[in-house]
Amino acid sequence: AQSVTQLDSQVPVFEEAPVELRCNYSSSVSVYLFWYVQYPNQGLQLLLKYLSGSTLVKGINGFEAEFNKSQTSFHLRKPSVHISDTAEYFCAVSDHSSYKLIFGSGTRLLVRP
Amino acid sequence: NAGVTQTPKFQVLKTGQSMTLQCAQDMNHNSMYWYRQDPGMGLRLIYYSASEGTTDKGEVPNGYNVSRLNKREFSLRLESAAPSQTSVYFCASSEARPNTEAFFGQGTRLTVV
């Protein structure tokens, strides 16, 4: 079985500063990794996903994430955040035989002016 | 192009009442899911349906039943609501492949008093 840990429940940051949201996963088999974003009072939408190949994955809105197999991590980064990036971010994992997504507990990114 | 549509958006129930949350998708997806979202716990899978005619339990199925009415529709029923079922419920759909993106509805905010 897989599990996902997002260590930071909330990350406050000033506008135009860089940010990293941490995600670690646990699995005995190879996995696919995802980051979803949830804006206030909305459903989730996909930011980016890692399936295979290059460990640096680029997504929408200037976000990117790096898969690190040895550290079982998939941290999300953005070099310069905007007020509009304020949202909750979820890391998720599925294994190669399942289409069920297992989510982490989420990280609330709060961007301040 | 509606995507995933959930009804109702808000509901207040008394303990012991029953209700059905409706979900429909227009993307011709085979797989559909019900998640609940609680503060600090991320999204937890209640039930899923890999294809029309099949349903399976997720992480937290107790107190819920589901029906995959046809390829488009997947409903979630609470037979006897309890305060512990106060949550935000999300329906999602995807193609039946492990590396595919899940599309989410806007959510149903349910309060059980």
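Lettering follows sequence order; numbering is per chain, from 1. Just so we're clear, the structure is a prediction, and the values are computed from it rather than from any experiment.
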Is there a path of hydrophobic side-chain contacts, each under 4.5 Å between heavy atoms of I, L, V, M, F, W or Y residues, that connects A:Leu33 with B:Phe103? no
Find out if a path of hydrophobic residues (ILVMFWY) with successive side-chain heavy-atom gaps under 4.5 Å connects A:Val19 to A:Phe74. yes
Which atoms of A:Leu51 are under 4.5 Å from chain B, going by heavy atoms: the side chain, the backbone, both sets, or neither? side chain
Say whether B:Phe104 and A:Leu47 are linked into one hydrophobic cluster, either directly or through other cluster members, by side-chain heavy-atom distances under 4.5 angstrom. no
Heavy-atom distances under 4.5 Å only: say whether B:Ala50 touches chain A with side chain, backbone, both or neither. both
Side chain to side chain donor-acceptor pair (under 3.5 Å) filter on A:Ser84, not counting sequence neighbours, yields none
Donor and acceptor N/O pairs, chain A versus chain B, under 3.5 angstrom:
from	atom 1	to	atom 2	distance (Å)
A:Tyr36	OH	B:Ala102	N	3.0
A:Gln38	OE1	B:Gln37	NE2	2.9
A:Gln38	NE2	B:Gln37	OE1	3.2
A:Lys49	NZ	B:Asn99	O	3.3
A:Ser94	OG	B:Pro98	O	3.1
A:Tyr99	O	B:Tyr33	OH	3.2
A:Leu101	O	B:Tyr35	OH	3.2

Examine whether an atom of A:Ile102 lies under 4.5 Å from a heavy atom of chain B, and if so say whether it belongs to the side chain, the backbone or both; otherwise answer neither. side chain
same_hphob_cluster(B:Leu110, B:Phe74) at 4.5 Å side-chain heavy-atom cutoff: yes
Rounded to the nearest 0.5 Å, what separates atom CG in A:Leu44 from atom CG in B:Leu43? 5.5 Å
Tell me whether A:Leu101 shares a hydrophobic cluster with A:Leu48, the cluster being built from Ile, Leu, Val, Met, Phe, Trp, Tyr side chains joined at under 4.5 Å. no
Among B:Gly107, B:Gly58, B:Ala102, B:Pro39, who wins on heavy-atom pairs under 4.5 Å with chain A? B:Ala102
